[in-house]
Amino acid sequence: IFEFVTEEGLSIDMAQPETMTAIEVDGPIHYLCRKDKQRIENGRTKFKSRLLRQLGWSVIHIPYFEWDALTDAATQEAYLQSKTKGE
């Protein structure tokens, strides 16, 4: 399901409601860049993740900079499998 909305009104990029698994595809707007160029999640993104976890959801983040570094479908598939393993 794409753009799932919880009963509480939280929007999730992709969700599997049966297992309460949320996948958030995080673009540049979800990050702040430190002086050392390290990217860190902004407050809004952290807060939403905390809310979802408090509601019983497992939250998987797919950062744009990790996804963009993947060169082909096989590495993308392996990446997604590693992110969702155990969910």
Peer 1: Going from NE2 on His30 to NZ on Lys46, what distance comes out if it is rounded to the nearest 0.5 angstrom?
Peer 2: 14.0 Å
Peer 1: Treating Ile, Leu, Val, Met, Phe, Trp and Tyr as nodes and any side-chain heavy-atom pair under 4.5 angstrom as an edge, say whether Ile23 and Leu80 lie in one connected cluster.
Peer 2: yes
Peer 1: Before giving the answer on side chain to side chain contact (heavy atoms under 4.5 Å, CB included), spell out for Val59 and Ile12 the whole-Å C-alpha distance, their side-chain angles and the decisive distance to 0.1 Å.
Peer 2: CA-CA 9 Å; Val59 183; Ile12 300 172; over 6 Å; no
Peer 1: With side chain to side chain contact (heavy atoms under 4.5 Å, CB included) as the criterion, how do Leu55 and Leu10 come out once you've worked through the C-alpha distance, each side chain's angles and the decisive distance to 0.1 Å?
Peer 2: CA-CA 11 Å; Leu55 293 169; Leu10 296 170; 3.8 Å; yes
Peer 1: Mind checking whether Leu70 and Val25 sit in one hydrophobic cluster, side chains of I, L, V, M, F, W, Y counted as touching below 4.5 Å?
Peer 2: yes
Peer 1: Is it the case that atom CD in Glu77 sees more than 12 heavy atoms from other parts of the structure closer than 6.0 Å?
Peer 2: no
Peer 1: Should the heavy atoms of other residues, nucleotides or ligands under 6.0 Å from CZ of Phe65 be counted, would the total exceed 12?
Peer 2: yes
Peer 1: Taking all non-hydrogen atoms of both residues into account, name the closest pair between Ala15 and Trp57 and its distance.
Peer 2: CB-CZ3, 4.0 Å
Peer 1: What distance do His61 atom NE2 and Asp13 atom CG have between them, rounded to the nearest 0.5 Å?
Peer 2: 10.0 Å
Peer 1: Taking the side chain as everything from C-beta on, heavy atoms only, tell me whether Phe4 gets closer than 4.5 Å to Ser11.
Peer 2: no
Peer 1: Could you tell me the separation between the OG1 atom of Thr6 and the CG atom of Leu51, rounded to the nearest 0.5 Å?
Peer 2: 9.0 Å
Peer 1: Under the salt bridge (Lys or Arg N to Asp or Glu O under 4.0 Å) test, which residues partner Asp36, sequence neighbours left out?
Peer 2: Arg34
Peer 1: Taking everything shown except Glu8 itself, do over 12 heavy atoms lie less than 6.0 Å from its CD?
Peer 2: yes
Peer 1: Can you tell me how far the CE atom of Met20 sits from the CZ atom of Arg53, to the nearest 0.5 Å?
Peer 2: 12.5 Å
Peer 1: Looking at Glu41, is its backbone amide N or carbonyl O close enough to the side chain of Thr45 to form a donor-acceptor pair, meaning the two atoms are under 3.5 Å apart?
Peer 2: no
Peer 1: Could you walk me through whether Ser49 and Glu24 satisfy the side-chain hydrogen bond (donor to acceptor under 3.5 Å, both in side chains) test, starting with their C-alpha distance in whole Å, then the side-chain angles of each, then the deciding distance to 0.1 Å, before giving a yes or no?
Peer 2: CA-CA 9 Å; Ser49 291; Glu24 290 288 293; over 6 Å; no
Peer 1: Arg44: what forms a side-chain hydrogen bond (donor to acceptor under 3.5 Å, both in side chains) with it, not counting sequence neighbours?
Peer 2: none
Peer 1: Is the backbone N or O of Tyr31 less than 3.5 Å from a side-chain atom of Asp26, with the two atoms forming a donor-acceptor pair by type?
Peer 2: no
Peer 1: Is it true that a side-chain atom of Lys83 and a backbone atom of Ile60 form a donor plus acceptor pair closer than 3.5 Å?
Peer 2: no
Peer 1: Between Trp67 and Tyr79, what is the ring plane arrangement, given parallel below 30°, perpendicular above 60°, and tilted in between?
Peer 2: perpendicular
